[in-house]
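Mind looking over this structure? Questions follow.
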Amino acid sequence: MKFEQSNLYYPTIPELPLLNSFLKDAGLDETVLGIALNITSPHSSMPIHIDTGDLNWSLNVPLMNCDSSRVSFYESKQRPKPFSLPNGVTYLGFEDEKSMVCMDSVSCEDVMIINVKKPHKVVNESDKYRVTLLIRLNSSFSMEDFEEYLSYA
């Protein structure tokens with residue numbers, strides 16, 4: 001599979017009071033590194049990859065047509081290698097995806113926090129474009145602290 005274009009878009013987002021309120025209530029407002037829109041074409045998937053940058057976690061919010069998509073997590077003995085897309089976006093990928101073992105797969109129809117330093121890929125089985133808001137969390141984010149918040153929510 002050839003992956004030539006990024007499906008990540010970094011838009012200028014207007015003030016979103018409801019989102020900002022949630023992030024503050026959840027104690028996440030100081031951990032947001034940035035946001036992106038992930039737009040996945042119909043009947044397509046990304047290569048298995050590891051995200052680069054100063055983030056381990058991403059809060060993924062389904063916006064449109066996410067009910068027929070999933071994110072799968074993999075294990076491998078391979079070392080990831082850097083790949084660059086024509087638009088300058090970089091990621092760590094794998095040369096032999098067939099040898100990788102799928103450890104888990106989850107539907108993308110609900111809000112989730114995923115560890116983007118684990119090999120993963122998104123598959124969209126829909127006839128429509130899938131759109132997800134990715135809220136990238138910086139290295140000060142603690143899953144344990146967030147789980148504690150959820151136990152009181």
Side-chain angles (χ1 to χ4, degrees), residues 1-10 19 22-23 25-85 87 89-153:
M1 165 190 273
K2 203 167 185 182
F3 191 61
E4 295 180 352
Q5 294 182 313
S6 174
N7 57 344
L8 290 177
Y9 301 90
Y10 299 96
L19 178 60
F22 163 75
L23 292 171
D25 290 348
L28 296 175
D29 54 331
E30 297 297 320
T31 66
V32 174
L33 182 65
I35 61 169
L37 289 176
N38 180 280
I39 302 174
T40 310
S41 298
H43 300 286
S44 69
S45 65
M46 295 179 219
I48 299 170
H49 67 283
I50 295 172
D51 294 15
T52 58
D54 184 32
L55 69 146
N56 291 333
W57 302 96
S58 181
L59 173 62
N60 294 357
V61 181
L63 297 180
M64 292 174 51
N65 308 317
C66 295
D67 54 331
S68 294
S69 64
R70 68 184 184 284
V71 61
S72 298
F73 297 91
Y74 294 83
E75 195 171 85
S76 176
K77 294 185 183 351
Q78 294 178 65
R79 282 188 170 271
K81 86 177 224 182
F83 289 90
S84 292
L85 301 173
N87 64 357
V89 171
T90 61
Y91 67 96
L92 295 174
F94 300 88
E95 293 202 346
D96 183 16
E97 289 190 7
K98 291 181 179 136
S99 71
M100 299 182 76
V101 177
C102 183
M103 301 304 290
D104 198 6
S105 190
V106 250
S107 170
C108 294
E109 63 188 313
D110 294 318
V111 174
M112 68 177 93
I113 295 178
I114 67 167
N115 183 338
V116 296
K117 295 303 186 199
K118 301 288 183 189
H120 62 283
K121 82 172 183 180
V122 172
V123 176
N124 179 15
E125 296 172 341
S126 172
D127 293 331
K128 301 175 182 174
Y129 282 89
R130 166 198 177 267
V131 182
T132 304
L133 176 66
L134 309 178
I135 302 173
R136 309 311 221 156
L137 304 173
N138 65 31
S139 59
S140 68
F141 172 75
S142 161
M143 184 57 105
E144 291 78 26
D145 291 346
F146 189 69
E147 286 173 345
E148 188 173 312
Y149 164 77
L150 288 177
S151 68
Y152 294 107

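All values reported here derive from a predicted model rather than from experimental measurement. What's counted below: heavy atoms across the whole structure, side chains too, no hydrogens, waters or symmetry copies.
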Under 3.5 Å, is there a donor-acceptor pair between the side chain of His120 and the main chain of Ile48?
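Flag not set: sc His120 to bb Ile48 has no pair under 3.5 Å.
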Distance-only, no hydrogens or angles: does the Lys117 side chain make a donor-acceptor pair with backbone N or O of Leu55 under 3.5 Å?
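Answer holds: yes.
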Quick one: do Leu134 and Ile35 satisfy side-chain contact (heavy atoms from CB on, under 4.5 Å)? Show the steps, please.
CA-CA 5 Å; Leu134 309 178; Ile35 61 169; over 6 Å; no
Take Val123 and Met46, measure what side-chain contact (heavy atoms from CB on, under 4.5 Å) needs, and give me the verdict at the end.
CA-CA 7 Å; Val123 176; Met46 295 179 219; over 6 Å; no
Are the side chains of Pro47 and Tyr91 in touch, meaning some heavy atoms are under 4.5 Å apart?
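The answer is yes, as the side chains (C-beta and beyond) meet within the 4.5 Å cut-off.
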Any donor-acceptor N or O pair under 3.5 Å, side chains Arg70, Ser107:
no
Yes or no on side-chain contact (heavy atoms from CB on, under 4.5 Å) for Asn115 and Met143, after CA distance, side-chain angles and deciding distance?
CA-CA 10 Å; Asn115 183 338; Met143 184 57 105; over 6 Å; no
Who pairs with Glu109 by salt bridge (charged side-chain N to carboxylate O under 4.0 Å, His left out), at least two apart in sequence or on another chain?
none
Taking side chain to side chain donor-acceptor pair (under 3.5 Å) as the definition, give me every residue that meets it alongside Asp127, ordered by chain and number, with sequence neighbours left out.
His43
Which label fits Phe141 and Trp57: parallel for a plane angle under 30°, tilted from 30 to 60°, or perpendicular past 60°?
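Judged by the thresholds at 30° and 60°, the geometry between Phe141 and Trp57 is perpendicular.
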Quick one: are Pro119 and Phe94 in side-chain contact, heavy atoms under 4.5 Å?
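Touching, per the 4.5 Å side-chain cut-off.
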How about Ser72 and Ser105: does a side-chain donor come under 3.5 Å of a side-chain acceptor?
yes
Should Tyr74 and Lys121 be marked as a side-chain contact (heavy atoms from CB on, under 4.5 Å) after you check the CA-CA gap, both sets of side-chain angles, and the distance that decides it?
CA-CA 8 Å; Tyr74 294 83; Lys121 82 172 183 180; 3.4 Å; yes
Can you tell me if Asn124 uses its side chain to pair, donor with acceptor, with the backbone of Thr40 under 3.5 Å?
yes
Minimum side-chain heavy-atom gap Arg130-Ile39 below 4.5 Å
no
Non-hydrogen side-chain atoms of Val32 and Leu23 separated by less than 4.5 Å
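Yes, at least one pair of side-chain atoms sits under 4.5 Å.
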Please list, one pair per line, the donor and acceptor atoms closer than 3.5 Å that link side chains of residues 59-67 to other protein atoms, with sequence neighbours excluded.
{"unit_1": "Asn60", "atom_1": "OD1", "unit_2": "Ser58", "atom_2": "OG", "d": "2.6"}
{"unit_1": "Asn65", "atom_1": "ND2", "unit_2": "Tyr129", "atom_2": "O", "d": "2.8"}

Side-chain H-bond candidate by donor/acceptor type, Gln78 with Ser99, under 3.5 Å:
yes
Can you list every pair that meets side-chain hydrogen bond (donor to acceptor under 3.5 Å, both in side chains) and has a residue in residues 26-36, with sequence neighbours left out?
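Residue pairs passing side-chain hydrogen bond (donor to acceptor under 3.5 Å, both in side chains), neighbours aside: none found.
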Partners meeting salt bridge (charged side-chain N to carboxylate O under 4.0 Å, His left out) with Lys81 (sequence neighbours left out):
Glu95
Would you list the pairs meeting salt bridge (Lys or Arg N to Asp or Glu O under 4.0 Å) in which at least one residue belongs to residues 39-61, sequence neighbours left out?
Asp51-Arg136
